[in-house]
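Structure record follows, encoded as structure tokens.
Only this structure's heavy atoms are used, side chains among them; waters, hydrogens and symmetry mates stay out. Being a predicted model, the structure only gives us computed values, none of them experimental. The sequence lines fix the lettering, A, B, ..., with proteins before strands; numbering per chain opens at 1.
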Number of protein chains: 2
Amino acid sequence: MDRMDPTEATTPRQRYRAQVRAEIKRHAWEQIAAAGASALSLNAIAKQMGLSGPALYRYFANRDELITELIRDAYQSLADTFRARAEAGTSLRGLADTLRVWALDDPQRYLLIYGTPVPGYHAPEDTTRLSAEVMAVLLDACAAEGLPELPPSPLQAHLADHRAWAGEHPATPPALHRALAFWTRLHGVLSLELAGHFTGMGFDPARLYDAEAEAVTGG
Amino acid sequence: MDRMDPTEATTPRQRYRAQVRAEIKRHAWEQIAAAGASALSLNAIAKQMGLSGPALYRYFANRDELITELIRDAYQSLADTFRARAEAGTSLRGLADTLRVWALDDPQRYLLIYGTPVPGYHAPEDTTRLSAEVMAVLLDACAAEGLPELPPSPLQAHLADHRAWAGEHPATPPALHRALAFWTRLHGVLSLELAGHFTGMGFDPARLYDAEAEAVTGG
DNA sequence: TCCATGCGTTAGAAGGTATCACGCAAACAA
DNA sequence: TTGTTTGCGTGATACCTTCTAACGCATGGA
């Protein structure tokens, strides 16, 4: 169909197409950062670009396809950020901070992938693969660190038998458990903070996040 | 202005008004359960009720006011459920299960209050009070149970000085910490499950929830 | 130079929120 | 019983949204 990697020089038409697609996504991110994914309007993007509405349908079949692309980019960004830090020798504890910095850098980007699914949008299975890529980095970090093992538990026994999500990763059940706990516990604090549920409560969300990060990384 | 408590018999007009408002909310909950809060359409509700669109504006100033009312009801339902179980002597561990049952009973209702805020909606301060009511029940349960105290931590010191959210509640810093952990950790698992982020991963979310519930209640 | 591909346009359908003015019915007062 | 007032439901309308269809023109390839 189309191949439109902007780096890969093909025909001028395809180069132009890739350029416009990129610009559409740029404006889309601006809108999302400003008002959230559900407020994303193809019409408004077109207006910003000096185009008329239907022109954008040359580049994205519909609103969902654009959102899918943005979700893909968001996952990719998180996976890249994680992997870069992990390869630089960052500890699991460091990855926790990396996650928060990445999330606060663009809260709506975090909520786009880990928040409540946007209205009528239905995700393609493709995103499962991207989500798994993030998990893979996490599993690497969990397996690499010689953390005080979590005590054996019924959950770990269950995870040992249901490790489809870990793919081929040779992580031990305690590592699987730790990766899931890392994800869910940090997401618990982070998503409530980003959704504004701590505002007016008086305490500093960063302190709570630190405490959870310490606890979940065996601190 | 209006006083429209359906129990409080006043004028026939006000009684009718309260009745219609209640029916609108009933249809709204149906729509939300089916497609989420952002898909809620005043027009569709009117159609279902055999009315024409603008008629609903006699009962709710706009879409946001309706959503606010629904959020209020959701908080109230959760607070009532919690309080009833707590007064029946349910342990903190039992409250964790209560929370999951309540959430799974109507996932969109949970996401309405604890999920990503809906598009252009801005919550009134009123909801802070309702959220605090839920927290109050939680603090009661945390303070009541003679749990193995969480070790002193920088977070607890911080919470001791920033306890606005606890109101007048005489909870100790460890209890404050436990209440927050209860909330954030269970929300972490629950929200990811409700948003569908565990689908296709292979393990049973209930097991993970149980493990978190056990851990956070000192099991 | 010619011609096919494909981009951007306007027009329009279908559906959403929300406002307005109007008519009528119900509630209340005399 | 007979006004009078209050307020509910209506259709028309304005302005959004996504998305389709048909048309014109420019660009790229041969």
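Per the geometry, CD belonging to B:Gln19 stands 12 Å off P belonging to D:dG9, to the nearest Å. Atom CD of B:Gln48 is separated from atom P of C:dG16 by 11 Å (rounded to the nearest Å). One atom, NZ of A:Lys47, and another, P of D:dC15, lie 12 Å apart when rounded to the nearest Å. In this structure, the CG atom of A:Asp64 is 11 Å from the P atom of D:dT18, given to the nearest Å. In this structure, A:Asn43 places its CG atom 12 Å from P of C:dT10, rounding to the nearest Å. The CD1-C1' distance, from A:Ile67 to D:dT18, rounds to 12 Å in whole Å.
Taking only distance into account, the side chain of B:Arg63 never meets the base of C:dG16 through a donor-acceptor pair shorter than 3.5 Å. Side-chain N/O atoms of A:Arg58 and base N/O atoms of C:dG8 include a donor-acceptor pair closer than 3.5 Å.
Under 4.0 angstrom from either OP1 or OP2 of C:dT10 there lies at least one side-chain N or O belonging to A:Ser52.
Between A:Tyr75 and A:Val134, the shortest heavy-atom distance links the atoms O-CG2, 4.1 Å.
Ranking C:dA27, C:dG8, C:dA18 by closeness to the A:Leu51 side chain, first place goes to C:dG8. The listed nucleotides are D:dG9, C:dG8, D:dT18; the one nearest the side chain of A:Tyr16 is C:dG8. Comparing C:dT17, D:dT20, D:dT27 by their nearest atom to the side chain of A:Tyr57 picks out D:dT20.
In this structure, a donor-acceptor pair under 3.5 Å is present between the side chains of B:Ser77 and B:Trp102.
Heavy atoms of A:Leu40 sit under 4.0 angstrom from primed sugar atoms or phosphate atoms, though from no base atom.
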Show, in sequence, the C-alpha distance, side-chain angles and deciding distance for B:His197 and A:Tyr114, and conclude whether the ring pair (Phe, Tyr, Trp, His ring centres under 6.0 Å) test is met. CA-CA 8 Å; B:His197 280 287; A:Tyr114 289 125; 5.6 Å; yes
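If you find the closest nucleotide of DNA chain C to B:Pro54 and to A:Leu56, the one lying nearer the 5' end belongs to A:Leu56. If you find the closest nucleotide of DNA chain D to A:Asn62 and to A:Pro12, the one lying nearer the 5' end belongs to A:Asn62. Along DNA chain D, the nucleotide closest to A:Ser41 and the one closest to B:Tyr59 are compared, and the more 5′ of them pairs with B:Tyr59.
For the side chain to side chain contact (heavy atoms under 4.5 Å, CB included) test with A:Leu56, the passing option among A:Asn62, A:Leu66, A:Ile45, A:Asn43 is A:Ile45; the others fail.
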